[in-house]
Enquirer: 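Structure in structure tokens, see below.
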Amino acid sequence: MTERLIDLVDDLRKLPDECEWSELKCSNSDPDVIGRRVSALSNGARLMDKQRAYLVYGIADTTRDVVGTKFKGAT
């Protein structure tokens, strides 16, 4: 499972830009911002006929470098 997730993140990092269904972020812990972003990605995936949307933390959105994050979501 871990290798599959790494491959997925690598594929998302190869996209030329963020898009309607994929965003890369370093960190953000504001629940309202996260909620709006998840909703927008979900709607974007639906409009683009994608089965899934992705919000990946720990990736610099300008360079696509893996930088890690201090964000801790609910468990």
Side-chain angles (χ1 to χ4, degrees):
M1 178 65 134
T2 301
E3 187 173 323
R4 188 171 142 221
L5 290 175
I6 291 170
D7 289 343
L8 173 60
V9 170
D10 286 342
D11 287 344
L12 293 170
R13 289 174 59 212
K14 290 175 189 174
L15 292 172
D17 291 305
E18 293 179 326
C19 60
E20 293 89 346
W21 51 270
S22 173
E23 272 198 46
L24 309 172
K25 296 295 174 209
C26 292
S27 181
N28 185 322
S29 59
D30 182 323
D32 290 332
V33 172
I34 294 169
R36 285 192 301 269
R37 188 163 286 139
V38 168
S39 179
L41 288 167
S42 174
N43 290 334
R46 178 67 183 114
L47 290 171
M48 300 303 294
D49 202 28
K50 299 286 184 180
Q51 292 184 350
R52 293 174 180 82
Y54 301 94
L55 174 58
V56 182
Y57 280 84
I59 308 292
D61 59 352
T62 54
T63 63
R64 306 276 196 262
D65 292 337
V66 177
V67 295
T69 186
K70 293 181 182 180
F71 174 72
K72 299 251 186 232
T75 57

Enquirer: What verdict does the salt bridge (charged side-chain N to carboxylate O under 4.0 Å, His left out) test give for Asp7 and Arg4, after you've listed the backbone C-alpha separation in whole Å, the side-chain angles of each residue and the deciding distance to 0.1 Å?
Expert: CA-CA 5 Å; Asp7 289 343; Arg4 188 171 142 221; over 6 Å; no

Enquirer: Less than 4.5 Å apart, side chain to side chain, heavy atoms only: is that true for Leu5 and Val9?
Expert: no

Enquirer: side-chain hydrogen bond (donor to acceptor under 3.5 Å, both in side chains) with Thr63: which residues, sequence neighbours excluded?
Expert: Asp65

Enquirer: In the hydrophobic clustering that connects Ile, Leu, Val, Met, Phe, Trp and Tyr at side-chain heavy-atom distances below 4.5 Å, which members other than Val67 occupy its cluster, ordered by chain and number?
Expert: none

Enquirer: Measure the CG-OG distance between Leu8 and Ser22 for me, rounded to the nearest 0.5 Å.
Expert: 8.5 Å

Enquirer: Taking only residues two or more places apart in sequence, or in another chain, which ones meet Asp11 in a side chain to side chain contact (heavy atoms under 4.5 Å, CB included)?
Expert: Lys14

Enquirer: Do the side chains of Val38 and Ile59 join up, straight or via other hydrophobic residues, at under 4.5 Å, putting them in one cluster?
Expert: no

Enquirer: Can you give me the closest heavy-atom contact between Ala53 and Ser42, atom names plus distance?
Expert: CB-N, 4.2 Å

Enquirer: Show me the pairs that pass salt bridge (Lys or Arg N to Asp or Glu O under 4.0 Å) and involve residues 29-54, at least two apart or across chains.
Expert: Glu23-Arg37

Enquirer: How close do Leu41 and Trp21 get, heavy atom to heavy atom, and via which atoms?
Expert: CD2-C, 3.6 Å

Enquirer: Any pair with a residue in residues 25-68 that passes ring pair (Phe, Tyr, Trp, His ring centres under 6.0 Å), sequence neighbours left out, goes on the list, sorted by first then second residue, please.
Expert: Tyr57-Phe71

Enquirer: Looking at Leu24 and Leu12, what are the two nearest heavy atoms and their distance?
Expert: CD1-O, 4.3 Å

Enquirer: Among pairs that include at least one residue of residues 22-52, which meet ring pair (Phe, Tyr, Trp, His ring centres under 6.0 Å), considering only residues two or more places apart or in two chains?
Expert: none

Enquirer: Within the 4.5 Å heavy-atom criterion, are Lys25 and Val56 side-chain neighbours or not?
Expert: no

Enquirer: Could you report the tightest heavy-atom contact between Lys70 and Ser27, atom names first, then the distance?
Expert: N-OG, 4.4 Å

